[in-house]
Amino acid sequence: MTGKIGSTVLGYPRIGPRRELKRALESCWAGRSSEAELRETARNLRIDTWRRLRDAGLDSVPGNTFSYYDQVLDTAVTFGAVPKRYAELGLGSLGTYFAMARGADAVPPLEMTKWFDTNYHYLVPEIGPGTTFSLADRTPVEQYREALEAGVTTRPVLVGPLTFLLLAKSTAGESFRPLDKLPELLGAYAELLRELHRAGVEWVQLDEPAFAADRTPDQLQALGDAYRQLGGLSARPKLLVAGYFGDFTEALRVLAGTPVEALGADLVTDPSTVDSLSGVPGLRDKTLVAGLVDGRNIWRTDLDRALTTAATLLGLAGEVAVSTSCSLLHVPYDVEVEDIDPQVKSWLAFAEQKVHEVVVLGRALRDGRDAVVAELSAAREAIADRAGATRVRNNRVRARLESLRPEHSQRGDYQERRAAQQKSLQLPPLPTTTIGSFPQTTDVRKARAAFQRGRIDRASYQQRMRDEIKRVIELQESIGLDVLVHGEPERNDMVQYFAEHLDGFISTANGWVQSYGSRCVRPPILYGDVHRPEPMTVEWATYAQKLTAKPVKGMLTGPVTILAWSFVRDDQPLADTAAQVAMAIRDEVQDLEAAGIRVIQVDEPALRELLPLRAAQRAAYLEWAVSAFRLATSGVSDSTQIHTHLCYSEFGDVIDAIVALDADVTSIEAARSRMEVLDDLNAVGFGRGVGPGVYDIHSPRVPDAAEVTDLLRAALRAVPADRLWVNPDCGLKTRGYAEVEPALENLVSAAEAVRRDLP
């Protein structure tokens, strides 16, 4: 890397092409391997990534993008923002780090929430008046040197100081803003920049995606002050400040007046950003790193269009470099390893292919279009083939949607529904339940894999799943839960399972994407009109219901979450695609009711996730998101109880939409925040059933009965007993039975104890 940034990417996947980091983490956590072995796996993954990106032809290779769990947590550790309760555990550096992420003994983990409008989760830093920032960890410097030894010069990437503080949680309530600690934090950043400079680093990337959202004048002023200070350091690397996930122009106007050398802009998420760049004074003195390749979705780039966009930028900045719109953390590694339909495959680009697209665009800008004629032609043919493919359109689906009327999205009066449901279900106060999935044992996973590979026939597979369902039902009855679930042993993932049963989707075998820590998902690809050819869950739900007199919930994933956790077609409005998915789910809801299932849960944990970062765009999104949920759930009688589930989001931002969903019962994450979300619900007069989670399933900790009892009593101060449900925060799929059984036993014991105290 010599002076110019050139073609680059803002980040790269880190879990490993074959999920090597996931396996190493879980092996270390389980005590099957050592910390030294985990560190060696991590080192090998880092070196392989650096060399892969260098050999692909990038002019600038990002570094310090590896993380054992989460980059925001890494930033907190780097600058010494480790809460005292973790530091006092005496677990060593990596042990303390994992305690913050996963909890330890009686110490719960940090809160977790979504990284802007993605399905990636970050750990929320805790910042208070007593927080002392310092350069406490030198991993960015160490990894730069590690890359040099491997023969690669990298550009260290850091979460920017403003974004870090804006994402943090105050430990002193509303009387203190984490942003008030900016001057002290900048001192620690300055020290790191000086050390990186001494190590020979030429460029450092500071990510400030918080400024793709609405920001106050004071926050924008703080942004400018911060980068004038960092840019004014006498001995530092050159600085690239990158914003993504939306229109970054407001921040660019501020940053263009600071000494930083390069500015990165996402030109994919909001294409109108291109037009607004012409009015940014000071840009002619900077390098503009143009995010022309989508870092979040998997469709091939229209290279002709991207080059046309790049051409319009050439006169606006001192230099134009080409990059992805954001880190490639959000897409799988390589489409070439997938054995999927060849036509659909030709439309796709995963991380490897996106790096190639960036390199092609960079060559075209440097050497002219004639240098990449073959690559441009191949991209052009794929774009045209997709646009003209008949398989993406189903006229019956479109005609059905056009025939819908307002009454298709309306249910009866809630109080009448509630009375009918009480008569039908006969549940006690504080009814206990779970969110849906139970731990997926090795035997279950092996049986599903054997069936998929043709090693056992359908009858054998179905019998094994029935055996597991029977075991899960018997376990729940022995524990004493009131509303049961079948445990979902047949489901590999709450979105992928439905994608595999709906027309218009295609699934991958290796398209893994990190969600948090060792948790990975394989988002399906939604490429065409969506249709349900046959029932998807009725067989399993009705089998489970025959095994017990207690109600068993039918478990479905909602239309918004299916969109959020898939790679969705970009050739029509999301609202239209959501309505298609909603109709498919509606058909399943009606079939479940007809089969005798009296409680049906339609999960929408991603409702908040897709919320636009800019307030001006939110009303339109929430209108179609709520409409899709109601379309999916409004085709049943008053006596059928509709549940929904939401987790790990800032619920206050969508609280009115939660009310508008009109679900009979809403379960929400609340354990880590200790019921804070109930204040938001009460503020809008939420008057339906609510199940604030009392067991944090994202941590291996088993809460004792006293802890759950305390949470329930806190919940009762906000929600009357006749509307309060008792449940974990989320599904139990990722936990083991050694944790789940005692946790659920404590949950039931706590509910029984609190019931005894009710008037």
Side-chain angles (χ1 to χ4, degrees), residues 108 418 421-422 425-438 472-473 475-485 487 548 550-553 555 598-599 601 603 605 641-648 651 658 663-679 681-682 686-699 701-732 735 739-759:
R418 181 181 176 190
Q421 292 159 20
Q422 288 175 331
L425 298 173
Q426 296 292 305
L427 296 173
L430 278 64
T432 57
T433 189
T434 64
I435 300 304
S437 61
F438 264 64
V472 169
I473 292 292
L475 173 63
Q476 292 172 88
E477 288 201 309
S478 69
I479 290 172
L481 291 164
D482 299 307
V483 176
L484 313 187
V485 296
T548 179
K550 293 184 175 182
V552 174
K553 285 194 284 190
M555 298 301 307
R598 295 171 291 164
V599 181
Q601 182 170 308
D603 289 343
Q641 191 171 74
I642 296 293
H643 288 226
T644 192
H645 169 64
L646 303 98
C647 62
Y648 290 89
F651 297 113
I658 294 174
D664 298 304
V665 178
T666 301
S667 57
I668 49 178
E669 178 274 325
R672 288 197 184 191
S673 64
R674 300 194 68 80
M675 303 293 153
E676 287 180 1
V677 66
L678 296 180
D679 293 336
L681 289 172
N682 285 336
F686 190 78
R688 290 164 172 72
V690 60
V694 294
Y695 163 28
D696 174 20
I697 68 89
H698 292 83
S699 167
R701 288 184 64 250
V702 174
D704 60 28
E707 180 180 335
V708 177
T709 299
D710 287 344
L711 286 172
L712 282 177
R713 288 187 171 134
L716 278 170
R717 290 193 286 272
V719 179
D722 62 351
R723 291 197 288 108
L724 184 64
W725 284 65
V726 184
N727 47 260
D729 273 338
C730 201
L732 304 171
R735 300 265 59 92
E739 306 155 15
V740 164
E741 290 188 36
L744 292 181
E745 288 168 354
N746 292 341
L747 181 151
V748 169
S749 295
E752 290 173 346
V754 175
R755 282 176 194 153
R756 288 193 293 269
D757 294 338
L758 293 176

Practice task
Compute whether any side-chain donor of one residue and acceptor of the other, for Q601 and T644, lie under 3.5 angstrom apart.
Solution key: no
Completion exercise
Rounded to the nearest 0.5 angstrom, the CG-CD1 distance for N727 and I435 is 4.0 Å
Handout entry: Minimum side-chain heavy-atom gap V665-V690 below 4.5 Å
Key = no
Exercise for the section: To the nearest 0.5 Å, tell me how far F438 CZ sits from L744 CG. Expected result: 5.5 Å
Problem - CD1 on I479 to CG on L747, rounded to 0.5 Å - result: 9.5 Å
Practice task
Could you tell me which residues satisfy ring-ring contact (aromatic ring centres under 6.0 Å, His included) with H643, sequence neighbours excluded, listed by chain and number?
Solution key: W725
Handout entry: Pairs touching residues 739-748 that satisfy salt bridge (charged side-chain N to carboxylate O under 4.0 Å, His left out), sequence neighbours left out
Key = R735-E739
Problem - Residue pair T709 / A750: nearest heavy atoms and the distance that separates them - result: OG1-CB, 3.3 Å
Completion exercise
One should read off an interatomic distance between T432 OG1 and L481 CG, to the nearest 0.5 angstrom, of 4.5 Å
Fill in the blank from the handout: From the list V740, V726, T434, V708, side chain to side chain contact (heavy atoms under 4.5 Å, CB included) with Y695 holds only for V740
Handout entry: Residues K553 and D603 bridged, charged N to O under 4.0 Å
Key = no
Fill in the blank from the handout: Heavy atoms of D729 and I668 approach each other most closely as OD1-O, 3.9 Å
Handout entry: Closest contact, heavy atoms only, S667 versus H645
Key = OG-ND1, 3.1 Å
Problem - Minimal non-hydrogen separation, V472 against V485, with atom names - result: CG1-O, 4.1 Å
Completion exercise
Heavy atoms of P551 and L427 approach each other most closely as CG-CD2, 4.3 Å
Problem - Spacing of CG belonging to D757 relative to CZ belonging to R713, to within rounding of 0.5 Å - result: 5.0 Å
Problem - Approximate separation, where rounding is to 0.5 Å, of D482 CG and L430 CG - result: 9.5 Å
Exercise for the section: Return each pair, listed once, that meets salt bridge (charged side-chain N to carboxylate O under 4.0 Å, His left out) where at least one residue sits in residues 716-727; pairs must be two or more places apart or across chains. Expected result: R418-D722
